[in-house]
Amino acid sequence: CVTYNTLIKGLCRTGKVDEACQLLCVMTESKCFPDIISFNLIIHGFCSEGRFDEAIMLVKEMAWTGRSHENGNDPLPLGQSNFHKLEQAIKISAEMSNYCCTPNVVTYNTLINGLCKSGKLERAYELIHVMEAAGIAPNLVSYNTLIAGFCKSNRFEEANILVTEMPKRGCSPDVVTYSTLMNGFCKANRLNDALKSFGEMLDNGCVPDVVTYTILVDYFSVIGEVNKLYELLDKMEEVGCIPNHVTHSVVVDRLQKAGRTDEAEKLLNRMTKMRHSS
RNA sequence: CGUUUUCUGAAGU
(Lines give C-alpha, C1' and ligand atoms only; values in the text may rest on other atoms or scores of the structure.)
Protein backbone atom coordinates (compact mmCIF):
# COMPACT_ATOMS: atom_id res chain seq x y z
CA CYS A 1 0.00 0.00 0.00
CA VAL A 2 2.86 2.30 0.79
CA THR A 3 4.20 1.51 -2.64
CA TYR A 4 0.92 2.47 -4.27
CA ASN A 5 0.73 5.68 -2.28
CA THR A 6 4.24 6.59 -3.35
CA LEU A 7 3.16 6.09 -6.94
CA ILE A 8 0.07 8.22 -6.39
CA LYS A 9 2.21 10.94 -4.92
CA GLY A 10 4.52 10.85 -7.91
CA LEU A 11 1.64 11.03 -10.38
CA CYS A 12 -0.04 13.89 -8.52
CA ARG A 13 3.17 15.84 -8.29
CA THR A 14 3.65 15.63 -12.03
CA GLY A 15 0.12 16.77 -12.73
CA LYS A 16 -1.35 13.36 -13.55
CA VAL A 17 -4.21 13.22 -11.06
CA ASP A 18 -6.46 11.37 -13.43
CA GLU A 19 -3.93 8.60 -13.75
CA ALA A 20 -3.62 8.60 -9.98
CA CYS A 21 -7.38 8.10 -9.70
CA GLN A 22 -7.16 5.11 -11.99
CA LEU A 23 -4.51 3.72 -9.73
CA LEU A 24 -7.04 3.75 -6.88
CA CYS A 25 -9.17 1.38 -8.87
CA VAL A 26 -6.24 -0.84 -9.64
CA MET A 27 -5.56 -0.94 -5.93
CA THR A 28 -9.06 -2.09 -5.05
CA GLU A 29 -8.94 -4.69 -7.79
CA SER A 30 -5.73 -6.09 -6.39
CA LYS A 31 -7.19 -6.17 -2.88
CA CYS A 32 -4.83 -3.50 -1.66
CA PHE A 33 -7.38 -0.96 -0.57
CA PRO A 34 -6.81 2.78 -0.77
CA ASP A 35 -6.56 4.36 2.66
CA ILE A 36 -7.02 7.89 3.94
CA ILE A 37 -3.53 8.78 2.79
CA SER A 38 -4.29 7.67 -0.75
CA PHE A 39 -7.33 9.90 -0.84
CA ASN A 40 -5.58 12.83 0.75
CA LEU A 41 -2.91 12.61 -1.91
CA ILE A 42 -5.55 12.67 -4.65
CA ILE A 43 -7.23 15.67 -3.06
CA HIS A 44 -3.89 17.43 -2.91
CA GLY A 45 -3.45 16.63 -6.59
CA PHE A 46 -6.82 18.09 -7.55
CA CYS A 47 -6.11 21.21 -5.52
CA SER A 48 -2.75 21.86 -7.09
CA GLU A 49 -4.38 21.76 -10.49
CA GLY A 50 -7.05 24.19 -9.34
CA ARG A 51 -9.74 21.52 -9.65
CA PHE A 52 -11.42 22.40 -6.36
CA ASP A 53 -14.90 21.31 -7.30
CA GLU A 54 -13.64 17.83 -7.91
CA ALA A 55 -11.63 17.86 -4.70
CA ILE A 56 -14.62 18.97 -2.67
CA MET A 57 -16.87 16.48 -4.38
CA LEU A 58 -14.47 13.74 -3.50
CA VAL A 59 -14.42 14.76 0.15
CA LYS A 60 -18.20 14.82 0.23
CA GLU A 61 -18.35 11.37 -1.22
CA MET A 62 -15.84 10.11 1.29
CA ALA A 63 -17.84 11.60 4.13
CA TRP A 64 -21.08 10.24 2.79
CA THR A 65 -19.74 6.78 2.27
CA GLY A 66 -18.28 6.69 5.73
CA ARG A 67 -21.54 7.79 7.28
CA SER A 68 -23.73 5.56 5.20
CA HIS A 69 -21.65 2.62 6.21
CA GLU A 70 -22.07 3.43 9.87
CA ASN A 71 -25.78 4.16 9.73
CA GLY A 72 -26.83 1.79 7.01
CA ASN A 73 -28.01 4.63 4.79
CA ASP A 74 -28.18 4.39 1.06
CA PRO A 75 -25.06 5.36 -0.78
CA LEU A 76 -24.90 8.70 -2.54
CA PRO A 77 -26.82 8.46 -5.80
CA LEU A 78 -24.55 7.84 -8.75
CA GLY A 79 -24.30 9.92 -11.84
CA GLN A 80 -23.73 13.37 -10.48
CA SER A 81 -20.00 13.42 -10.88
CA ASN A 82 -17.17 12.03 -12.92
CA PHE A 83 -16.22 9.79 -10.12
CA HIS A 84 -18.08 6.60 -10.77
CA LYS A 85 -15.00 4.50 -10.58
CA LEU A 86 -13.68 6.57 -7.71
CA GLU A 87 -16.92 6.10 -5.83
CA GLN A 88 -16.53 2.39 -6.20
CA ALA A 89 -13.03 2.56 -4.83
CA ILE A 90 -14.22 4.67 -1.93
CA LYS A 91 -17.07 2.38 -1.05
CA ILE A 92 -15.01 -0.73 -1.18
CA SER A 93 -12.26 0.73 0.89
CA ALA A 94 -14.78 2.03 3.39
CA GLU A 95 -16.09 -1.46 3.78
CA MET A 96 -12.73 -3.14 3.88
CA SER A 97 -10.58 -0.85 5.90
CA ASN A 98 -12.67 0.15 8.89
CA TYR A 99 -13.96 3.49 7.65
CA CYS A 100 -10.45 4.84 7.55
CA CYS A 101 -11.26 6.67 4.37
CA THR A 102 -13.61 9.17 5.94
CA PRO A 103 -12.16 12.68 5.77
CA ASN A 104 -9.82 13.56 8.60
CA VAL A 105 -8.19 16.80 9.69
CA VAL A 106 -5.46 16.44 7.07
CA THR A 107 -8.09 16.09 4.37
CA TYR A 108 -9.67 19.38 5.34
CA ASN A 109 -6.34 21.10 5.84
CA THR A 110 -5.33 20.06 2.34
CA LEU A 111 -8.47 21.62 0.93
CA ILE A 112 -8.05 24.76 3.00
CA ASN A 113 -4.50 25.13 1.78
CA GLY A 114 -5.50 24.68 -1.85
CA LEU A 115 -8.22 27.28 -1.59
CA CYS A 116 -5.97 29.73 0.25
CA LYS A 117 -3.22 29.38 -2.30
CA SER A 118 -5.58 30.45 -5.04
CA GLY A 119 -6.98 33.32 -3.02
CA LYS A 120 -10.37 31.78 -2.27
CA LEU A 121 -10.20 32.81 1.36
CA GLU A 122 -13.90 32.92 2.08
CA ARG A 123 -14.37 29.37 0.88
CA ALA A 124 -11.35 28.28 2.87
CA TYR A 125 -12.67 29.88 6.01
CA GLU A 126 -16.06 28.27 5.53
CA LEU A 127 -14.37 24.90 5.67
CA ILE A 128 -13.50 25.49 9.31
CA HIS A 129 -17.20 25.42 10.05
CA VAL A 130 -17.79 22.53 7.72
CA MET A 131 -15.22 20.40 9.46
CA GLU A 132 -16.50 21.30 12.89
CA ALA A 133 -19.98 20.30 11.78
CA ALA A 134 -18.47 17.00 10.70
CA GLY A 135 -17.06 16.52 14.16
CA ILE A 136 -13.45 17.25 13.21
CA ALA A 137 -11.68 19.89 15.23
CA PRO A 138 -9.45 22.31 13.34
CA ASN A 139 -5.85 22.06 14.53
CA LEU A 140 -2.82 24.32 14.53
CA VAL A 141 -2.11 23.58 10.89
CA SER A 142 -5.66 24.59 9.94
CA TYR A 143 -5.24 27.97 11.56
CA ASN A 144 -1.70 28.54 10.33
CA THR A 145 -2.81 27.79 6.81
CA LEU A 146 -5.64 30.29 6.96
CA ILE A 147 -3.45 32.92 8.57
CA ALA A 148 -0.93 32.52 5.77
CA GLY A 149 -3.73 32.96 3.28
CA PHE A 150 -4.95 36.18 4.86
CA CYS A 151 -1.41 37.54 5.15
CA LYS A 152 -0.73 36.88 1.48
CA SER A 153 -3.74 39.03 0.65
CA ASN A 154 -2.65 41.72 3.09
CA ARG A 155 -5.73 41.08 5.19
CA PHE A 156 -3.90 41.42 8.47
CA GLU A 157 -6.92 42.35 10.54
CA GLU A 158 -8.52 39.02 9.80
CA ALA A 159 -5.23 37.21 10.35
CA ASN A 160 -4.94 38.82 13.76
CA ILE A 161 -8.46 37.88 14.68
CA LEU A 162 -7.59 34.27 13.99
CA VAL A 163 -4.47 34.56 16.10
CA THR A 164 -6.50 35.77 19.06
CA GLU A 165 -9.29 33.27 18.47
CA MET A 166 -7.24 30.12 18.04
CA PRO A 167 -6.15 29.76 21.67
CA LYS A 168 -9.81 29.66 22.63
CA ARG A 169 -10.06 26.60 20.40
CA GLY A 170 -7.16 24.92 22.07
CA CYS A 171 -4.49 25.92 19.56
CA SER A 172 -1.69 28.12 20.79
CA PRO A 173 0.16 30.08 18.11
CA ASP A 174 3.56 28.56 17.42
CA VAL A 175 6.75 29.59 15.64
CA VAL A 176 5.06 28.97 12.29
CA THR A 177 2.14 31.24 13.19
CA TYR A 178 4.38 34.12 14.19
CA SER A 179 6.80 33.65 11.31
CA THR A 180 3.87 33.71 8.92
CA LEU A 181 2.71 37.02 10.35
CA MET A 182 6.22 38.44 10.29
CA ASN A 183 6.64 37.50 6.67
CA GLY A 184 3.35 39.12 5.79
CA PHE A 185 4.27 42.32 7.56
CA CYS A 186 7.79 42.43 6.15
CA LYS A 187 6.58 41.92 2.60
CA ALA A 188 4.05 44.71 3.17
CA ASN A 189 6.86 46.93 4.36
CA ARG A 190 5.58 47.07 7.93
CA LEU A 191 8.68 46.34 9.93
CA ASN A 192 7.25 47.60 13.20
CA ASP A 193 4.35 45.19 13.03
CA ALA A 194 6.74 42.40 12.13
CA LEU A 195 8.91 43.18 15.13
CA LYS A 196 5.84 43.29 17.30
CA SER A 197 4.97 39.77 16.21
CA PHE A 198 8.55 38.77 16.88
CA GLY A 199 8.23 40.09 20.41
CA GLU A 200 4.96 38.24 20.94
CA MET A 201 6.61 35.09 19.71
CA LEU A 202 9.30 35.41 22.34
CA ASP A 203 6.81 36.37 25.04
CA ASN A 204 4.87 33.21 24.34
CA GLY A 205 7.94 31.08 24.66
CA CYS A 206 8.40 30.23 20.99
CA VAL A 207 11.92 29.86 19.65
CA PRO A 208 12.70 31.61 16.37
CA ASP A 209 14.19 29.27 13.79
CA VAL A 210 16.09 29.66 10.54
CA VAL A 211 12.89 30.52 8.66
CA THR A 212 12.10 33.31 11.11
CA TYR A 213 15.55 34.81 10.74
CA THR A 214 15.54 34.40 6.98
CA ILE A 215 12.38 36.47 6.81
CA LEU A 216 14.18 39.30 8.58
CA VAL A 217 17.31 38.80 6.50
CA ASP A 218 15.13 39.12 3.43
CA TYR A 219 13.65 42.38 4.63
CA PHE A 220 16.96 44.01 5.47
CA SER A 221 18.51 42.77 2.25
CA VAL A 222 15.76 44.37 0.23
CA ILE A 223 16.20 47.72 1.89
CA GLY A 224 19.97 47.33 1.80
CA GLU A 225 20.64 47.70 5.52
CA VAL A 226 23.83 45.73 5.52
CA ASN A 227 24.70 46.59 9.11
CA LYS A 228 21.42 45.08 10.28
CA LEU A 229 22.26 41.95 8.31
CA TYR A 230 25.49 41.51 10.21
CA GLU A 231 23.64 42.07 13.47
CA LEU A 232 21.17 39.37 12.52
CA LEU A 233 23.92 36.94 11.61
CA ASP A 234 25.60 37.66 14.95
CA LYS A 235 22.34 36.90 16.69
CA MET A 236 21.89 33.70 14.74
CA GLU A 237 25.38 32.58 15.64
CA GLU A 238 24.74 33.40 19.27
CA VAL A 239 21.66 31.20 19.42
CA GLY A 240 23.13 28.50 17.22
CA CYS A 241 20.88 29.01 14.22
CA ILE A 242 22.69 28.14 10.99
CA PRO A 243 21.77 29.93 7.75
CA ASN A 244 20.68 27.48 5.06
CA HIS A 245 20.49 27.54 1.28
CA VAL A 246 17.41 29.76 1.33
CA THR A 247 19.14 32.31 3.54
CA HIS A 248 22.04 32.36 1.10
CA SER A 249 19.75 32.62 -1.88
CA VAL A 250 17.82 35.51 -0.36
CA VAL A 251 20.93 37.54 0.32
CA VAL A 252 22.38 36.95 -3.12
CA ASP A 253 19.13 37.64 -4.95
CA ARG A 254 18.26 40.83 -3.10
CA LEU A 255 21.68 42.43 -3.02
CA GLN A 256 22.35 41.45 -6.60
CA LYS A 257 19.19 43.23 -7.68
CA ALA A 258 20.44 46.28 -5.82
CA GLY A 259 23.76 46.01 -7.63
CA ARG A 260 25.71 45.27 -4.47
CA THR A 261 27.33 41.97 -5.33
CA ASP A 262 30.43 42.95 -3.36
CA GLU A 263 28.42 43.15 -0.16
CA ALA A 264 26.67 39.91 -1.02
CA GLU A 265 29.98 38.15 -1.33
CA LYS A 266 31.17 39.31 2.07
CA LEU A 267 27.94 38.20 3.69
CA LEU A 268 28.15 34.83 2.01
CA ASN A 269 31.63 34.35 3.39
CA ARG A 270 30.35 35.19 6.83
CA MET A 271 27.54 32.67 6.50
CA THR A 272 29.68 29.84 5.21
CA LYS A 273 32.00 30.36 8.15
CA MET A 274 28.99 29.78 10.42
CA ARG A 275 28.26 26.49 8.70
CA HIS A 276 31.79 25.25 9.16
CA SER A 277 32.23 26.29 12.76
CA SER A 278 29.13 24.46 13.87
C1' C B 1 20.11 18.91 -6.68
C1' G B 2 13.95 14.77 -3.37
C1' U B 3 16.92 8.76 2.37
C1' U B 4 11.03 9.95 5.23
C1' U B 5 3.24 7.31 1.98
C1' U B 6 -0.80 12.77 3.27
C1' C B 7 -1.75 19.12 5.58
C1' U B 8 0.86 24.94 7.51
C1' G B 9 5.63 29.62 7.52
C1' A B 10 11.21 31.98 4.23
C1' A B 11 14.23 32.81 -1.64
C1' G B 12 14.22 31.52 -6.56
C1' U B 13 11.14 28.89 -10.31
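Hydrogens, waters and symmetry mates are skipped; everything else that's a heavy atom, side chains included, is used. Chain A is the first sequence line, chain B the second, and so forth, proteins listed ahead of strands; every chain is numbered from 1.
A salt bridge (charged side-chain N to carboxylate O under 4.0 Å, His left out) with A/D53 is found for one member of A/K60, A/K120, A/R123 and no other, namely A/R123.
When each of B/U5, B/G2, B/G9 is scored by its nearest atom to the side-chain atoms of A/R13, the top-ranked nucleotide is B/G2. Residue A/A148 places its side chain closer to B/G9 than to any other of B/U6, B/G12, B/G9. Of the candidate nucleotides B/G9, B/C7, B/A11, B/A11 has the atom lying nearest to any side-chain atom of A/D218. Nearest to the side chain of A/K117, among B/A11, B/U6, B/U8, sits B/U8. Of the candidates B/U5, B/C7, B/A11, the closest approach to any side-chain atom of A/L41 belongs to B/U5.
On the P atoms, B/C7 is 15 Å away from B/U3, given to the nearest whole Å. B/G12 and B/C1 have their P atoms separated by 23 Å, with the value rounded to a whole Å.
At a threshold of 4.0 Å, the pair A/K266-A/D262 does not count as salt-bridged, since none of the basic side-chain nitrogens sits closer than that to a carboxylate oxygen.
Residues A/Y178 and A/F198 keep their aromatic ring centres 6.0 Å or farther apart.
Side-chain nitrogen and oxygen atoms of A/R254 include at least one within less than 4.0 Å of the OP1 or OP2 phosphate oxygen of B/G12.
Donor-acceptor pairing under 3.5 Å, judged by distance alone, is absent between the side chain of A/T180 and the base of B/G9.
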